[in-house]
Protein chains: 2
Amino acid sequence: MKLEKIKVIVVDDHPLVIEGLRSSLGADSTIDVMNCFENASDLFAFLKRSTVNVVILDVNLPDMNGVEICERITKKYPHVKIVGLSTYNDPSIIKQMVKNGAKGYLLKNVTSKELATAIHQIHRGQSYFSGEIQKILADSIFDNNEIPKLTRREKEVLSLVAEGITTPKIAEKLIISPLTVETHRRNLIQKMGVSNAAQLVKMAIEQRLI
Amino acid sequence: MKLEKIKVIVVDDHPLVIEGLRSSLGADSTIDVMNCFENASDLFAFLKRSTVNVVILDVNLPDMNGVEICERITKKYPHVKIVGLSTYNDPSIIKQMVKNGAKGYLLKNVTSKELATAIHQIHRGQSYFSGEIQKILADSIFDNNEIPKLTRREKEVLSLVAEGITTPKIAEKLIISPLTVETHRRNLIQKMGVSNAAQLVKMAIEQRLI
DNA sequence: TCTAAAATACCTGTAAACTAGTAGAAAACT
DNA sequence: AGTTTTCTACTAGTTTACAGGTATTTTAGA
């Protein structure tokens with residue numbers, strides 16, 4: 001029986017990282033780095049016409065965020081395994097990635113050896129999370145910070161609030177009553193489980209909602 | 001005359017980036033990647049006993065921040081040229097790096113070719129900033145956002161404000177009068193040139209003051 | 001030691017934010 | 001077509017934030 005290589009593609013907007021992955025994963029005879037992309041649309045164009053086993057996915061791409069990409073890949077190509085790769089160890093992002101089908105998540109401070117291990121393990125159907133990530137996921141079980149779903153309008157209001165614009169001026173901008181803005185603001189504070197605008201801004205920035 | 005290679009060292013806490021730089025810069029016959037480090041202390045240990053032309057310096061290292069490293073290198077080894085390399089295009093960080101002696105600054109989305117060009121140019125005594133960075137530096141001339149100096153107490157209050165704690169509770173925590181907290185808060189808002197707490201929080205996060 | 005800077009505290013007034021409840025109209029979903 | 005969600009808007013009362021001063025006591029630098 002002929003050994004099939006694991007077909008891997010890399011999506012990262014840093015050419016330097018791509019080159020690093022190419023040279024180090026290329027050394028592994030069981031892994032075939034088919035192609036590398038710097039944005040999401042190129043990735044999807046490729047997925048349309050090729051079979052792929054594992055996608056190594058940077059969470060921060062210019063044209064689409066990692067969570068959305070995960071969701072779309074999982075929906076359209078459920079056989080494709082996703083490994084998140086990012087500088088950020090933000091629990092909410094990691095959890096969202098996992099919820100949307102990522103089978104693994106690594107920080108960029110991993111060695112290429114560990115990455116290769118992860119690819120193999122995930123390709124076998126298991127999951128893989130680096131030590132630090134495991135700890136984060138474990139911790140976040142206790143404080144079950146469900147990411148609340150915000151409506152379109154609420155997101156709009158949130159970003160304006162986060163810019164420090166006051167209620168009456170937000171109302172002016174959105175051409176609605178200040179009272180309505182107040183309501184949205186109130187609902188946001190309630191949904192996000194905070195108690196004032198300052199915390200709301202912090203939250204929004206942390207969860208990259210703005 | 002024998003051609004001397006440019007002696008370069010790379011400091012980055014991401015092994016993947018290091019491998020990428022190694023493989024791509026290694027291909028350039030005029031550049032000698034002497035060594036790579038993942039933290040600042042290893043870097044300084046090496047500088048003590050070796051002559052180096054150019055340091056490629058990631059701004060985010062585990063043990064020391066980029067600005068501090070720049071300052072120290074410039075002071076102790078003024079002949080060593082520094083090229084900042086980072087994911088962040090935060091104007092205040094870039095400006096601080098330049099102020100502290102960085103001769104170039106690139107975002108991690110550069111190609112290795114551009115990086116090589118930068119190394120050569122900087123080694124010749126010129127400076128090099130990638131297009132995006134040039135734009136940022138140019139923009140920041142107009143809005144001369146001098147980073148205001150905050151006092152110790154102000155920083156304390158700022159981080160508490162940023163956590164969304166209200167004035168009376170901050171007062172309780174710091175065991176001072178709420179009126180004093182109000183004064184600090186007001187001074188902060190004035191110093192940072194913003195108009196409310198929400199903007200203050202945003203600012204503080206952006207400038208990594210908390 | 002003198003002095004400038006920082007931290008502390010207070011007053012007054014206005015504006016905005018937060019709390020709590022209600023409720024009709026418009027979209028979206030089934 | 002019917003139900004649910006979202007967006008909209010209102011009343012009314014409380015709390016906190018913001019702006020403009022002023023002033024005393026520490027702390028730290030020259």
Side-chain angles (χ1 to χ4, degrees), chain A residues 67-68 71-72 74-75 96 99-100 145-207 209-210, chain B residues 71 145-207 209-210:
Chain A
V67 178
E68 286 171 350
E71 202 180 343
R72 211 164 129 187
T74 312
K75 209 174 257 176
Q96 282 182 71
K99 258 189 195 152
N100 284 287
N145 44 358
E146 283 299 307
I147 302 109
K149 277 166 208 155
L150 301 184
T151 65
R152 206 181 321 148
R153 203 52 156 176
E154 281 169 347
K155 280 181 197 167
E156 259 181 297
V157 173
L158 176 55
S159 26
L160 294 172
V161 168
E163 282 177 34
I165 303 173
T166 59
T167 296
K169 291 199 173 170
I170 291 173
E172 218 175 277
K173 223 165 203 177
L174 299 180
I175 322 176
I176 53 177
S177 157
L179 298 159
T180 307
V181 177
E182 276 289 343
T183 304
H184 286 309
R185 180 196 278 267
R186 189 175 47 187
N187 291 338
L188 281 165
I189 287 174
Q190 199 184 31
K191 275 192 186 182
M192 307 289 280
V194 294
S195 55
N196 58 37
Q199 285 184 326
L200 196 59
V201 172
K202 206 184 154 216
M203 256 280 193
I205 293 174
E206 280 172 0
Q207 308 219 349
L209 292 173
I210 50 167
Chain B
E71 202 180 343
N145 44 357
E146 284 300 306
I147 303 110
K149 277 164 207 156
L150 301 184
T151 65
R152 206 181 320 147
R153 204 51 155 178
E154 282 170 348
K155 280 180 196 167
E156 262 183 295
V157 173
L158 176 55
S159 23
L160 292 172
V161 169
E163 283 177 32
I165 303 174
T166 59
T167 295
K169 292 200 174 172
I170 291 173
E172 218 176 279
K173 225 168 200 175
L174 299 180
I175 324 178
I176 51 176
S177 155
L179 298 159
T180 308
V181 177
E182 273 292 339
T183 305
H184 287 307
R185 179 196 277 269
R186 201 171 37 187
N187 290 338
L188 280 165
I189 287 174
Q190 200 185 30
K191 276 192 183 178
M192 307 288 281
V194 295
S195 55
N196 57 38
Q199 285 182 327
L200 194 60
V201 171
K202 207 184 155 215
M203 256 279 191
I205 293 174
E206 279 172 0
Q207 307 220 348
L209 292 175
I210 52 166

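Here is the naming used below: chain letters follow the sequence lines, and residue numbers restart at 1 for every chain. We use all heavy atoms of the structure for the numbers below, so side chains are in, but hydrogens, waters and symmetry mates are not.
The separation between A/Leu150 atom CG and D/dT6 atom P is 10 Å, rounded to whole Å. In this structure, the CE atom of B/Met192 is 17 Å from the C1' atom of D/dC18, given to the nearest Å. Nucleotide C/dA16 holds its P atom 11 Å from the CD atom of A/Glu172, rounded to whole Å. Taking atom CD1 of residue B/Ile165 and atom P of nucleotide D/dA17, one finds them 11 Å apart after rounding to whole Å. Distance CG (A/Leu188) to P (D/dT6): 12 Å, rounded to an integer number of Å. The nearest whole Å value for the distance from the CG atom in A/Leu174 to the P atom in D/dC7 is 11 Å. Summarising the geometry, the separation between CG on A/Asn187 and C1' on D/dT8 is reported as 11 Å, rounded to the nearest angstrom. If you measure from atom CG of A/Leu179 to atom C1' of D/dC7, you get 14 Å, rounded to the nearest angstrom.
Summarising the geometry, atom CZ belonging to B/Arg185 is positioned 10.5 Å from atom CG belonging to B/Leu160; distances are rounded to the nearest 0.5 Å. Of the inter-residue distances, the one linking B/Leu158 atom CG with B/Lys191 atom NZ reads 11.0 Å to the nearest 0.5 angstrom. In this structure, CZ on B/Arg186 lies 9.5 Å from CG on B/Leu179, to the nearest 0.5 angstrom.
Each of C/dT22, C/dA6, D/dT16 was ranked by its minimum atom distance to the side chain of A/Arg186; first place goes to C/dT22. Counting only heavy atoms from C-beta on, B/His184 has its side chain closest to C/dA7 among C/dA17, C/dA7, C/dA9. Nearest nucleotide to the A/Pro168 side chain, out of C/dA16, D/dT6, C/dC18: C/dA16. Closest contact between the side chain of A/Thr180 and the listed nucleotides C/dA16, C/dA7, D/dA9 involves D/dA9. Listed nucleotides C/dT8, D/dA17, D/dC7 differ in distance to B/Ile176; the shortest reach to its side chain belongs to C/dT8. Nearest to the side chain of B/Thr151, among C/dA28, C/dA6, C/dC18, sits C/dA6. In this structure, of D/dT6, C/dA16, D/dC10, it is D/dC10 that holds the atom nearest to the side chain of A/Thr183. Comparing C/dT8, C/dC10, D/dC18 by their nearest atom to the side chain of B/Glu182 picks out D/dC18.
When each of B/Arg152 and B/Ser195 is assigned the nucleotide of DNA chain D with its nearest heavy atom, B/Ser195 is the one assigned upstream, toward the 5' end. Heavy-atom nearest nucleotides on DNA chain D were determined for B/Arg185 and for A/Ile175, and the one closer to the 5' end corresponds to A/Ile175. Each of B/Glu154 and B/Asn196 has a nearest nucleotide on DNA chain C; the 5'-most of these lies closest to B/Glu154.
A/Thr167 has a side-chain polar atom (N or O) that falls below the 4.0 Å cut-off from OP1 or OP2 of C/dA17.
In this structure, B/Glu156 pairs ionically with B/Arg153, as a charged nitrogen and a carboxylate oxygen lie closer than 4.0 Å.
Although no hydrogens or angles enter the test, the distance criterion places a donor-acceptor pair under 3.5 Å between the side chain of A/Thr74 and the main chain of A/Asn100.
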